[in-house]
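Down below is the structure, laid out as structure tokens.
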2 protein chains.
Amino acid sequence: MDKYDPLLLKNQLCFPTYAAANKIIRRYQPLLKKLDLTYTQYVVMMVMWEKEVVNEKDLVNRLYLQANTLNPLLKKLKEKEYLSINKDKEDKRNLIIALTSKGRDLKEKAIDVPLSLAQEPWLTVEEAKEYRRLLYKIINEGKEIENENCD
Amino acid sequence: MDKYDPLLLKNQLCFPTYAAANKIIRRYQPLLKKLDLTYTQYVVMMVMWEKEVVNEKDLVNRLYLQANTLNPLLKKLKEKEYLSINKDKEDKRNLIIALTSKGRDLKEKAIDVPLSLAQEPWLTVEEAKEYRRLLYKIINEGKEIENENCD
DNA sequence: TTAAATTATATCGTATGCGACATATATTTG
DNA sequence: CAAATATATGTCGCATACGATATAATTTAA
């Protein structure tokens, strides 16, 4: 009706996405505190638990973040001895990030986090499936869907 | 299969929500720069364009944020003269936030933002509707849905 | 009716997240 | 092969976002 309708919060897709991300992350924080991880550190560790060794560019692509966000964060995870950082000898531009044994041990404690949050009354199984599909459609917009996270 | 499956990035709902929020906000930033607004400042202004006058607690509830996030942000918007901040004389704990004429003028420029982003190949109309429903289900989890943003 | 509890903001410290730019290494090209 | 380009990471400054805690004003209750 009104030409300003597109400016109403309730007509936005971005705003509830932003609010949902804030809300879910807030919910994670107290659980992650027991692992001495922040939410962003946790998603990095999830990649590491799965891959064991990656380079920084891999992480940037997998996490849809920027190198300058990950860079200081990786150093913190190194200080916590959850991972190691070394230059690639083949191509000295690359940083090779590898899980340490201490980082691997953390995986055992971490499984409680998704299990405990799965109890939350977020969405039904069907809704969650559709929700994930729509999210990856947004995330991968403009690109070929070559992302293995979206299956 | 594996007991660690819940820790895989691809099995998470939180991660793609987080990634989608980051991605969409990155897309907004250059457009909002023309309005001298950040994304968070923009969502505050959307409330102000709709309501003209609110108090800080209203904003916190509407935006699903904390007062300590909004507080410095409101001061910046005041410095930009997009809104005014005054104590409520009835109840001096309350802050009354009001749109200024300069803030109202900005609304005219701002309508280009959602119109221009609507061109993006995000989701179909049907998908967007379902996506929004699922987001508000997450956001309002555990509460009665008394939120007028979710209709 | 004043002391306790509640409510609404404010302040502080930490950790992102981004754009802009700089640096180091590798690759391509003339 | 030397110069230009491209690629991967690093640095800086700014703006959130949060939990923890403090303060000010109001309401409740003993």
Side-chain angles (χ1 to χ4, degrees), chain A residues 14-15 18-45 54-80 85-97, chain B residues 15 17-45 54-80 85-97:
Chain A
C14 184
F15 168 69
Y18 160 78
N22 285 338
K23 168 149 192 156
I24 304 181
I25 291 173
R26 274 199 298 272
R27 192 59 63 92
Y28 270 83
Q29 308 276 25
L31 293 171
L32 293 173
K33 202 167 185 179
K34 296 172 189 165
L35 307 179
D36 190 25
L37 292 176
T38 64
Y39 181 73
T40 314
Q41 291 167 9
Y42 174 62
V43 298
V44 169
M45 291 307 294
V54 295
N55 65 41
E56 188 169 339
K57 188 169 187 303
D58 283 341
L59 277 177
V60 166
N61 289 334
R62 284 178 186 282
L63 300 178
Y64 303 88
L65 289 170
Q66 266 68 46
N68 55 2
T69 295
L70 285 176
N71 209 294
L73 196 146
L74 292 172
K75 282 178 185 147
K76 276 175 205 160
L77 287 173
K78 181 189 170 158
E79 281 169 25
K80 295 181 188 182
I85 304 179
N86 288 106
K87 288 226 166 172
D88 185 347
K89 281 174 184 150
E90 304 297 307
D91 184 338
K92 290 184 198 149
R93 289 171 304 180
N94 284 317
L95 275 194
I96 302 195
I97 322 289
Chain B
F15 169 68
T17 306
Y18 161 78
N22 285 338
K23 167 150 193 155
I24 305 181
I25 290 173
R26 275 199 298 271
R27 192 58 65 92
Y28 269 84
Q29 308 275 26
L31 293 170
L32 292 173
K33 202 168 185 179
K34 296 174 191 165
L35 306 179
D36 189 26
L37 291 177
T38 64
Y39 181 74
T40 314
Q41 290 168 8
Y42 174 63
V43 298
V44 169
M45 291 307 294
V54 295
N55 63 42
E56 188 170 338
K57 187 168 187 306
D58 283 340
L59 277 178
V60 166
N61 289 334
R62 283 178 187 282
L63 300 178
Y64 302 88
L65 290 171
Q66 267 66 47
N68 54 4
T69 296
L70 285 176
N71 208 292
L73 197 146
L74 292 171
K75 281 177 185 150
K76 277 176 206 159
L77 287 172
K78 181 188 170 159
E79 280 168 26
K80 295 181 187 183
I85 304 178
N86 289 104
K87 289 223 165 173
D88 185 347
K89 281 174 185 150
E90 304 298 306
D91 183 338
K92 288 183 199 150
R93 289 173 305 182
N94 285 317
L95 276 193
I96 301 194
I97 321 289

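Order of the sequence lines fixes the chain letters, A, B, ..., with proteins taken first and strands second; residue numbering starts at 1 for each chain. Just so it is clear, the values below take in all heavy atoms, side chains as well, and ignore hydrogens, waters and symmetry mates.
For D:dT11, the OP1/OP2 oxygens have a side-chain nitrogen or oxygen of A:K75 closer than 4.0 Å. Side-chain nitrogen and oxygen atoms of A:Q41 include at least one within less than 4.0 Å of the OP1 or OP2 phosphate oxygen of C:dT16. An OP1 or OP2 oxygen of D:dA25 is reached within less than 4.0 angstrom by no side-chain nitrogen or oxygen of B:N94. A close approach under 4.0 Å does occur between a side-chain nitrogen or oxygen of B:Y18 and OP1 or OP2 of C:dG17. OP1 and OP2 of D:dT16 both lie 4.0 Å or more from every side-chain N or O belonging to B:T69. Contact annotation: A:K76 side-chain N/O to C:dT16 OP1/OP2 distance is under 4.0 Å. Listed pair A:T40 / C:dG17 meets the phosphate criterion, a side-chain N or O lying under 4.0 Å from OP1 or OP2. Contact between the side-chain N/O atoms of B:K23 and the OP1/OP2 oxygens of C:dC18 is not found at any separation under 4.0 Å. Using a 4.0 Å cut-off, no side-chain N or O of A:T38 falls inside it from OP1 or OP2 of C:dA15. For the pair A:Q29 and D:dC18, the criterion of a side-chain N or O lying under 4.0 Å from OP1 or OP2 is not met. Checking the phosphate oxygens (OP1, OP2) of C:dA10, no side-chain nitrogen or oxygen of B:K57 falls inside 4.0 Å. Contact annotation: B:Q66 reaches the phosphate of D:dC18 (side-chain N/O to OP1 or OP2, under 4.0 Å).
Summary of the strand contacts: A:L65 and A:K89 both lie near DNA chain C, and taking for each the nucleotide with the nearest heavy atom, the more 5' one is attributed to A:L65. Between A:I85 and A:P30, the one whose closest nucleotide on DNA chain D sits nearer the 5' end is A:I85.
Between the side chain of B:R93 and the base of C:dT7 there is at least one donor-acceptor pair of N/O atoms closer than 3.5 Å. Remark: the A:N68 side chain and the C:dG17 base include no donor-acceptor N/O pair separated by less than 3.5 Å.
B:K23 places no side-chain N or O within 3.5 Å of a backbone atom of A:Y64 that could act as its donor or acceptor partner.
The distance from atom CG of B:L37 to atom P of D:dT16 is 10 Å, rounded to the nearest whole Å.
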